[in-house]
Visitor: 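Dropping a structure here in structure tokens format, bear with me for questions.
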There are 2 protein chains.
Amino acid sequence: MSKTVSPLAPKSFPALSPIDGVRIATAEAGIGYRGRTDVLYVAMDQGAAAAGVFTRSKCTSAPVDWCRANLPGGTARAVVVNSGNANAFTGARGREAVELTARIAAEAAGCEPAQVFIASTGVIGEPLDATKFEGVLAACDAHATPHGWMDAARAIMTTDTFPKLATRTVDFGGVPVTINGIAKGAGMIAPDMATMLSFVFTDAPIAAPALQAMLDAGVRTSFNCVTVDGDTSTSDTLMLFATGAAAMMGARFVASADDERVASFRAALVSLLEELAELVARDGEGARKIVTIRVTGGVNDASAHRIAMSIANSPLVKTAIAGEDANWGRIVAAVGKAGEPADRDRLAISFGGIRVASEGARDPSYDEAEVSAYMRNEAIDIAVDIGLGQGAARVWTCDLTKAYVEINGDYRS
Amino acid sequence: MSKTVSPLAPKSFPALSPIDGVRIATAEAGIGYRGRTDVLYVAMDQGAAAAGVFTRSKCTSAPVDWCRANLPGGTARAVVVNSGNANAFTGARGREAVELTARIAAEAAGCEPAQVFIASTGVIGEPLDATKFEGVLAACDAHATPHGWMDAARAIMTTDTFPKLATRTVDFGGVPVTINGIAKGAGMIAPDMATMLSFVFTDAPIAAPALQAMLDAGVRTSFNCVTVDGDTSTSDTLMLFATGAAAMMGARFVASADDERVASFRAALVSLLEELAELVARDGEGARKIVTIRVTGGVNDASAHRIAMSIANSPLVKTAIAGEDANWGRIVAAVGKAGEPADRDRLAISFGGIRVASEGARDPSYDEAEVSAYMRNEAIDIAVDIGLGQGAARVWTCDLTKAYVEINGDYRS
């Protein structure tokens with residue numbers, strides 16, 4: 001939680017309404033920080049259908065293993081998130097710490113440990129002392145209220161410079177339902193401080209398998225399209241909980257993601273996830289510019305996505321953007337190294353709609369002054385057309401600045 | 001060609017002996033710089049067997065396309081390398097520029113254009129005016145001498161801070177033969193200034209297919225194991241030329257790489273390529289530390305290599321090393337994201353032989369002061385054991401410093 005707020009932070013934060021069936025509390029447990037909250041406790045007293053997607057890392061954190069193992073149960077009663085320690089690469093002690101956390105939370109919430117979902121973010125490799133949750137989580141349950149979304153977003157921050165929240169209200173078969181989401185971190189930016197975490201809650205009455213299907217689809221165009229440094233973390237966690245409380249208002253239960261009644265819910269969910277994902281990129285360590293890369297003309301969407309990520313992860317592209325240089329030669333190189341079908345002589349590249357390269361060479365109309373002026377903007381749009389097919393992708397990233405090196409060279413020491 | 005020499009530069013440069021059948025000249029053609037040489041011309045008057053390996057980029061430079069097309073001919077008479085312009089992403093004009101260069105060189109050398117091999121390094125996307133070679137290459141041929149290897153290494157530098165040369169003498173069936181090599185750039189560091197180039201020459205009498213087989217094998221443990229920023233260039237070129245002049249001293253011609261008489265030649269070649277590759281990593285942009293990463297225990301060598309490259313390309317690992325922080329948590333994350341088989345609970349990690357992690361957790365003997373002292377060294381060795389099989393790999397990289405961001409944010413503008 002930096003004192004200097006990113007210049008890319010939103011000018012204001014949305015006000016999140018309560019969601020029936022969700023109560024929130026935060027606390028200072030002294031896990032890894034002093035003088036700030038480091039625990040988020042969420043109670044869902046009537047239970048909630050749960051869905052989740054997690055890091056593809058082969059070196060997952062203990063909390064990720066726990067959530068994966070318990071997700072098939074499909075029901076959540078409590079969520080515990082701590083900042084200050086990732087409980088990753090902590091061996092048998094890490095597993096024990098998660099189990100103890102779940103037991104303490106289950107006692108506080110009056111549920112089974114398997115109904116508690118847990119996430120941890122912070123330094124990797126330090127043992128997490130879960131006894132610090134004793135008393136704390138019971139007090140949280142006693143004080144939890146339907147309000148406090150901003151506090152929730154703040155409690156899970158590590159090197160984040162601003163809290164990340166988003167909300168949507170959507171018509172659900174005649175009944176308005178709410179979707180609230182919070183996120184922290186900057187995705188793959190900072191495994192050490194570990195990770196992108198995001199939690200989304202709704203009162204819509206939707207079954208867990210349907211939630212999971214929508215979340216799996218939604219993550220593809222949102223969080224999976226964010227990169228700050230290509231460093232996938234050990235702990236990335238995105239979970240979606242549906243309390244179903246809107247059923248009391250007359251909303252009918254939906255069992256399948258194919259049900260046409262969830263079309264607008266699905267669209268709102270994807271839109272919310274994309275908003276949170278962009279906020280994560282906007283808080284990329286050291287970022288001064290938010291960059292949107294759109295690739296069209298790939299042989300298919302997956303190929304376009306890999307090309308877009310190759311551009312977004314190129315240190316040379318990212319340093320050029322930091323230097324306000326429309327260096328499309330580096331984009332060509334990044335396309336070339338992606339390992340995907342591409343034909344140099346069909347490539348076209350634009351910055352902010354200004355075409356700089358076409359048919360494999362500098363565009364005849366290229367005007368360096370015009371492009372240079374555009375590069376001074378805070379938000380940079382890059383469009384690359386591969387010219388081979390209909391595949392398309394959009395990803396977000398940020399520039400690579402000296403501040404990134406400073407933050408990550410100095411973090412632990 | 002920076003004025004500030006990398007602190008990782010070798011303390012002295014080797015003296016390269018002449019190679020029978022190779023004559024060298026350099027010149028100022030005004031391609032992209034002023035007040036320095038930017039053309040290397042190599043004449044091999046009796047011809048030489050040629051082998052080459054090139055970038056895997058899908059957006060190759062025009063000179064790479066030219067070399068690939070002419071390599072099956074197997075015979076080289078001249079090599080032309082310019083710095084200051086990569087002639088990459090230059091479309092039809094780029095092809096024409098290469099053809100004109102080859103014609104001018106062929107006239108100077110008295111050979112066919114297809115016997116001329118060409119490489120260009122510098123900015124991408126700017127048209128190369130090959131008419132600047134007119135007169136220049138003929139003068140080069142007139143003045144070329146068997147000496148001048150240091151001048152050759154200097155003429156092909158771009159952002160390099162020191163010239164890169166290596167030499168070996170090896171017994172070839174009772175006759176001593178020489179292998180001389182030069183390289184420039186820092187591999188995948190800088191596509192904009194474009195590329196890693198390396199040229200190796202020998203007087204050993206070896207047929208082109210045998211040379212090619214040895215070069216293909218040799219590149220796997222040398223240049224393919226160097227990364228500065230993961231940005232594979234459009235123009236990477238490594239070529240090996242054998243004049244066969246040692247046959248006049250009694251060396252017997254070798255047609256096959258399987259011939260046991262080339263065993264010591266092969267070993268010397270690999271050793272020379274590895275030396276040049278490490279020099280490239282030592283001149284990584286902004287580098288202050290040279291990092292050697294050894295991965296053992298992978299399911300096979302290819303898997304170990306991909307894990308080693310994932311570590312070597314992680315901005316978080318590289319910034320931590322710049323900050324002299326033995327941040328093994330970031331190494332765990334880099335192993336996990338590599339997409340290769342790995343078992344968190346079998347991982348072991350050492351810095352400079354000091355074990356910091358074992359069996360998926362911090363090593364019981366971990367002593368932060370000891371490791372921190374080690375991290376102040378200029379050369380950092382990292383060893384990672386995956387614990388699954390016999391696969392091994394070694395790669396070189398450098399740290400990621402603010403100077404890298406500065407160099408690449410300011411380069412073009």
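In the text below, chain A, chain B and the rest are named by the order of the sequence lines, each starting its count at 1. Heavy atoms only: backbone and side chains are in, while hydrogens, waters and symmetry mates are out.
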Visitor: Salt-bridge test for D367(B) and R355(B): reply yes if a basic N is under 4.0 Å from a carboxylate O, no otherwise.
Guide: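 Salt bridge flag = no for R355(B) with D367(B).
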Visitor: Between chain A and each of P341(B), A357(B), G91(B), A403(B), count heavy-atom pairs under 4.5 Å; write down the option with the most.
Guide: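 Option with the greatest count: G91(B).
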Visitor: Against chain A, label I321(B) side chain, backbone, both or neither, depending on which of its atoms sit under 4.5 Å from a heavy atom there.
Guide: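 No part of it gets close to chain A.
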Visitor: Please look at D65(B) and chain A and tell me whether the side chain, the backbone, both or neither of the residue comes under 4.5 angstrom of a heavy atom of that chain.
Guide: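 Contact with chain A involves the side chain of D65(B) alone.
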Visitor: Rounded to the nearest 0.5 Å, how far apart are CZ of R306(B) and CG of N300(B)?
Guide: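 Interatomic distance, R306(B) CZ to N300(B) CG, rounded to 0.5 Å: 7.0 Å.
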Visitor: Report the residues that fulfil side-chain hydrogen bond (donor to acceptor under 3.5 Å, both in side chains) with S303(B), sequence neighbours left out, ordered by chain and then residue number.
Guide: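 Only E340(B) meet the side-chain hydrogen bond (donor to acceptor under 3.5 Å, both in side chains) criterion with S303(B).
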Visitor: Where does T401(B) contact chain A at under 4.5 Å (heavy atoms): side chain, backbone, both or neither?
Guide: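 It is the backbone, since no side chain atom gets that close.
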Visitor: Against chain B, work out which of G125(A), A322(A), A338(A) has the most heavy-atom pairs shorter than 4.5 Å and name it.
Guide: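 Heavy-atom pair counts peak at G125(A).
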Visitor: Given heavy-atom pairs under 4.5 angstrom as the criterion, report whether the side chain, backbone, both or neither of S358(A) touches chain B.
Guide: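 For S358(A), no heavy atom lies under 4.5 Å from chain B.
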Visitor: List in chain and number order the residues that pass salt bridge (charged side-chain N to carboxylate O under 4.0 Å, His left out) with D343(A), two or more places apart in sequence or in another chain; answer none if no residue qualifies.
Guide: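 Applying salt bridge (charged side-chain N to carboxylate O under 4.0 Å, His left out) to D343(A) gives R346(A).
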Visitor: Under 6.0 Å between the ring centres of W328(A) and F89(B)?
Guide: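 Judged by ring-centre distance (under 6.0 Å), W328(A) and F89(B) do meet the cut-off.
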